[in-house]
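Note that these values count all heavy atoms, side chains included, but never hydrogens, waters or copies made by symmetry.
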Amino acid sequence: MRTPNAVAKDYYGILGVSREASDDEIKRAYRKLARKYHPDVNPDVEAQEKFKDINAAYEVLSDDRKRQIVDLGGDPLAPGGGGGGPGGPGEAGPFVGFQDIMDAFFGGAAGGGGRGPRPRTRPGSDAILRLELDLPETAFGVEAPITVDTAVLCTTCSGAGTAAGTHPETCEACGGRGEVQSVQRTFLGQVVSARPCTACQGYGTTIPNPCPTCAGDGRVRTRRSLTVKIPAGVEDGMRIRLAQQGEVGPGGGTAGDLYVEIHERPHDVFSRKGDDLHCRVAVPMTTAALGTRLTIKTLDSEEPVDVKPGTQPGSMLRLRARGVPHLRGTGRGDLIVHLDVRTPTKLDADQEQMLREFAQTRGEEVAELTKQGGFFSRMRDAFNGHA
């Protein structure tokens, strides 16, 4: 009877790796040789046979069970070798898609070995919260309480996702690799493909006894109360970052960040442009003509301002450093007071007579709107007379 050593191929020698080679070393060697002896690259007949041997060697050495048979001196692809040869276990069918072939040669998801099991513990996502503030709060800063609904670490299992006294178990379907491999025949030879294990979703482990609180996720959703410090001078639309106050990741992973987005409510008196404030003050016509002193109430003080005699409509007064503090640096913006000169809309007979007399003293002609058809009637007559 034949001995195993008499018929076993040297699969390690075909790939040019040692018997202690890691899975990554085997995969790199396979890809290097596959590119060299691929029929599209090397049409030589001997190269095609070499290419078949390379595929067979990788099929064996990338499978833990088949590799163990080789290490014991057997050949898992030989008849009776117990290794899923042609038509045996491990083959998915006679044909495979073109994308699988390309992935196998050039390092995609196929190619007999993906990226291994994916970790259960992953970083959490960032969160954003809208915070509405009044102008004095954005101008001078405030410590604002906020409430946020996020995922937090499960205190029952401390993020492990397992019930008390239990642990994740190695997936029986993939042996802990997080992926399953299949050998498929193509017109170019055998191709080994790797896909995420559906039994464990690619984790390599399963949780037979999940935590009753978080159902195996390692985190739970809850409402938290925080206090955010708003610096003086923030503007509408700005965001404040609170490091690691966002969502805790699956498996108790590092929390993401929480961003607090500032929304400034409109003010009844002041409008804001950058760090400058603007307001409007109504001034009677007589006051604008004669001049006066006004008291302007700013955000944090009362300031006297002088309205000069003869002030015209649309005039502005600038109060230095009475605006919003600069967010970065020292100092403040200005407060700009826009003066609206108001003309009286109703006059009694005495007031009207006084204004007419005043106009006469200044040599100003005042039209009689109520006599001879009115001022506009006289203008129409004059225009028609020139026509």
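Nearest heavy atom pair, residue Ala139 against residue Leu299, reads CB-CD1, 4.0 Å. A pairwise comparison of heavy atoms in Tyr37 and Phe51 identifies O-CB, 3.5 Å as the closest pair. Closest heavy-atom contact between Gly233 and Asp275: O-OD1, 4.5 Å. For the residue pair Arg272 and Val234, the shortest heavy atom distance occurs at NH1-O, 2.9 Å. Pro231 approaches Ile240 most closely through the heavy-atom pair CD-CD1, 3.7 Å. The minimum heavy-atom distance linking Pro145 with Glu143 is given by the pair CD-O, 3.8 Å.
Proximity of Arg19 to Asp71: side-chain heavy atoms (C-beta onward) are separated by under 4.5 Å at one or more points. At a threshold of 4.5 Å between non-hydrogen side-chain atoms, the residues Ile230 and Ile262 count as touching. Within the 4.5 Å cutoff, side-chain heavy atoms of Cys197 are placed close to those of Val180. Looking at Val70 and Tyr12, their side chains come closer than 4.5 Å, going by heavy atoms from C-beta outward. Under the 4.5 Å side-chain criterion, counting only non-hydrogen atoms from C-beta, Lys27 is in contact with Arg31. Side-chain contact check for Leu335 versus Phe270: some heavy-atom pair is nearer than 4.5 Å. The closest side-chain heavy-atom distance from Pro196 to Glu179 is not below 4.5 Å. The side-chain heavy atoms of His267 and Asp134, taken from C-beta on, include no pair separated by under 4.5 Å.
Put simply, CG on Leu258 and CG on Leu242 are 5.0 Å apart, with the number rounded to the nearest 0.5 Å. For the atom pair CD (Glu235) and CE (Met238), the distance works out to 4.5 Å, reported to the nearest 0.5 Å. Considering CG of Leu15 and CG of Leu33, their distance stands at 6.5 Å, rounded to 0.5 Å. Taking CD1 of Ile26 as the start and CG of Asp24 as the end, the distance is 9.5 Å to the nearest 0.5 Å. Separating the CG atom in Asp23 from the OG atom in Ser62 is a distance of 8.0 Å, to the nearest 0.5 Å. Here CD1 of Ile146 is found 8.5 Å from CD of Gln245. Values are rounded to the nearest 0.5 Å.
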Exercise. For Asp64 and Arg177, what are the C-alpha separation, side-chain angles and deciding distance, and is it a side chain to side chain contact (heavy atoms under 4.5 Å, CB included)?
Worked result: CA-CA 10 Å; Asp64 292 339; Arg177 299 177 63 179; 4.0 Å; yes
Problem set entry | Audit row: Val305, Val337, side chain to side chain contact (heavy atoms under 4.5 Å, CB included) steps and yes/no | CA-CA 10 Å; Val305 295; Val337 181; 5.6 Å; no
Exercise. Could you go step by step and tell me if Val260 and Arg239 meet the side chain to side chain contact (heavy atoms under 4.5 Å, CB included) rule?
Worked result: CA-CA 5 Å; Val260 179; Arg239 293 182 179 181; over 6 Å; no
Exercise. After noting the C-alpha distance and the side-chain angles of Arg221 and Thr150, does the key distance pass the side chain to side chain donor-acceptor pair (under 3.5 Å) rule?
Worked result: CA-CA 6 Å; Arg221 297 200 69 83; Thr150 56; over 6 Å; no
For this session: Given side chain to side chain contact (heavy atoms under 4.5 Å, CB included), test Val281 with Asp340 step by step and report yes or no.
Result: CA-CA 6 Å; Val281 175; Asp340 288 338; over 6 Å; no
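The main-chain N or O of Asp257 is found under 3.5 Å from a side-chain atom of Asp126 such that the two form a donor-acceptor pair. Panel note: side chain Gln353, backbone Asp350; no donor-acceptor pair is recorded below 3.5 Å.
Cluster annotation: Met354 is not connected to Phe358 through the hydrophobic network of ILVMFWY side chains, with a link wherever side-chain heavy atoms come within less than 4.5 Å.
By the neighbour-count criterion of 12 heavy atoms within 6.0 Å, atom NE2 of His338 is densely surrounded, having more than that number from other residues, nucleotides or ligands.
Between Arg332 and Asp300, at least one side-chain nitrogen of the basic residue sits less than 4.0 Å from a carboxylate oxygen of the acidic one, meeting the salt-bridge criterion. We find that Glu46 and Lys50 are not joined by a salt bridge, their nearest charged nitrogen and carboxylate oxygen being 4.0 Å or further apart.
Using modelled atom types, one finds a donor on one side chain and an acceptor on the other under 3.5 Å when comparing Glu264 with Thr138. For Tyr30 and Asn55, the side-chain atoms include at least one donor-acceptor pair closer than 3.5 Å. Side chains of Arg223 and Thr147: a donor-acceptor N/O pair is absent below 3.5 angstrom, by distance only. Side chains of Gln201 and Arg118: no donor on one and acceptor on the other come within 3.5 Å. Judged by distance alone, the side chains of Glu303 and Ser301 do bring a donor and an acceptor atom under 3.5 Å apart. Under the 3.5 Å distance criterion, with hydrogens and angles disregarded, no donor-acceptor pair is assigned to the side chains of Glu364 and Gln360. For the 3.5 Å distance criterion, the side chains of Glu261 and His263 qualify, holding a donor opposite an acceptor.
Of the options Cys200, Pro168, Cys171, Cys174, a side-chain contact (heavy atoms from CB on, under 4.5 Å) to Thr205 is made by Pro168 and by none of the others.
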Donor-acceptor contacts, no H, no angles, side chain residues 206-219, under 3.5 Å, sequence neighbours left out:
| unit_1 | atom_1 | unit_2 | atom_2 | d |
| --- | --- | --- | --- | --- |
| Thr213 | OG1 | Thr156 | OG1 | 2.9 |
| Asp217 | OD2 | Arg219 | NE | 2.7 |
| Arg219 | NH1 | Val248 | O | 2.8 |

Donor-acceptor list for residues 284-294 side chains, cut-off 3.5 Å, not counting sequence neighbours:
| unit_1 | atom_1 | unit_2 | atom_2 | d |
| --- | --- | --- | --- | --- |
| Arg293 | NE | Asp306 | OD1 | 2.8 |
| Arg293 | NH2 | Asp306 | OD1 | 3.3 |
| Arg293 | NH2 | Asp306 | OD2 | 3.3 |

